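Each remark here refers to the structure printed beneath this line.
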Amino acid sequence: GRAYGADVLLRVRPGGRFFGWIAYTYVRAERYDFGTGTYRPSNYDQRHLVNVLGSYQLPRRWTAGARFRLSEGYPYTPVVGSVFDADADRFSPIASRLLNSARLPAFHALDLRVDKEWVFDRWKLGLYLELQNVYNYRSPEASGDNYDYTQRGWVRGLPILPVFGVRGEI
């Protein structure tokens, strides 16, 4: 296989209490397909990834922030038909000859976070609450077909996910 790509990061810190960044990644991850004699996308090929993050430092050691994530969907090999197997009493899929020739829909999510930090003589204590996927987009993570492979649906990811954390520093 082979992989190549590029990253661009624009960091924003205009002074004061706001900071953030915008990051874009273009990457290709490919595997050589001996059957066709060509390269095809690997199972984990995500060509476009965008992250936008901003945080604002509030008084009394509070910080509030947001992050937006967007990425192209993973590739998969589509089912192009099926055959009924009478011995097993079920349909068997016929996969496309072109491996990983279709893609899942894009993933995107907005996350919000609030941090509080206390500073003591010799150590720091931090607490945070993060809400991931605030607008509840259930991103497709895999494709799934009905019993005879005539209809395709998506296996969807988690809904809104609250995360609570504690951090200590010496």
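For clarity, every value in this text was computed on a predicted model and none was experimentally measured.
In summary, the aromatic rings of Y76 and Y74 are positioned with their centroids too far apart to meet the 6.0 Å limit.
Distance check, rounded to the nearest 0.5 Å: CZ of F18 to CD of Q57 gives 11.0 Å. To the nearest 0.5 Å, the span separating CH2 on W62 from CZ on R17 amounts to 14.5 Å. Atom-to-atom distance recorded for T63:OG1 and F19:CZ is 6.5 Å, nearest 0.5 angstrom. From F68, atom CZ reaches atom CD1 of I22 across 12.0 Å, with rounding to the nearest 0.5 Å. Rounded to the nearest 0.5 angstrom, S139 OG and L104 CG are separated by 9.0 Å. To the nearest 0.5 Å, the span separating NZ on K124 from CH2 on W118 amounts to 14.0 Å.
The stretch residues 41-62 participates, sequence neighbours left out, in these salt bridge (charged side-chain N to carboxylate O under 4.0 Å, His left out) pairs: D45-R47, D45-R103, R61-E117. Applying the side-chain hydrogen bond (donor to acceptor under 3.5 Å, both in side chains) definition to pairs two or more places apart or across chains, those involving residues 107-116 are R67-D111, R69-D111, H108-Y135, R113-D115, R113-E130. Annotation: salt bridge (charged side-chain N to carboxylate O under 4.0 Å, His left out) contacts involving residues 73-101, sequence neighbours excluded, are absent.
I94 and F84 end up in different hydrophobic clusters when Ile, Leu, Val, Met, Phe, Trp and Tyr side chains are linked at under 4.5 Å. Linking ILVMFWY side-chain heavy atoms closer than 4.5 Å, directly or via other members, places L127 and W123 in a single hydrophobic cluster.
Within the 4.5 Å cutoff, no side-chain heavy atoms of V114 are placed close to those of L58.
Shown here are the side chain to side chain donor-acceptor pair (under 3.5 Å) partners of S71, two or more places apart in sequence or in another chain: Q46.
Shortest non-hydrogen contact noted between L110 and A66 is CD1-CB, 4.4 Å. Here the closest heavy-atom approach between residue F107 and residue Y137 is recorded as CA-CE2, 4.5 Å. Closest of all the heavy-atom pairs between A95 and T77 is CB-CG2, 4.1 Å. When all heavy atoms of D145 and Y149 are compared, the closest pair comes out as CB-CD2, 3.5 Å.
Within a 6.0 Å sphere centred on OH of Y147, other residues, nucleotides and ligands contribute 12 heavy atoms or fewer. Crowding of Y44 atom OH: a count of heavy atoms from other residues, nucleotides or ligands under 6.0 Å not exceeding 12.
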List the atom pairs, donor and acceptor, that lie under 3.5 Å between side-chain atoms in residues 151-170 and the rest of the protein, sequence neighbours left out.
unit_1 : atom_1 : unit_2 : atom_2 : d
R152   : NH2    : V79    : O      : 3.4
R156   : NH1    : R138   : O      : 2.7

Run the side-chain donor-acceptor check on residues 1-16: report pairs under 3.5 Å with partners two or more places apart or on a different chain.
unit_1 : atom_1 : unit_2 : atom_2 : d
R2     : NE     : E30    : OE1    : 2.6
R2     : NH2    : E30    : OE1    : 3.0
D7     : OD1    : T25    : OG1    : 2.6

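Listed for the S82 side chain is no donor-acceptor partner under 3.5 Å among the backbone atoms of S92.
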**Report entry** Candidate pair T36 and L99, rule side-chain contact (heavy atoms from CB on, under 4.5 Å), full reasoning
**Finding:** CA-CA 10 Å; T36 63; L99 298 177; over 6 Å; no
Requested in this report: Mind running side-chain contact (heavy atoms from CB on, under 4.5 Å) on Y26 and H48 for me, showing each step along the way?
Outcome: CA-CA 5 Å; Y26 175 80; H48 305 281; 3.6 Å; yes
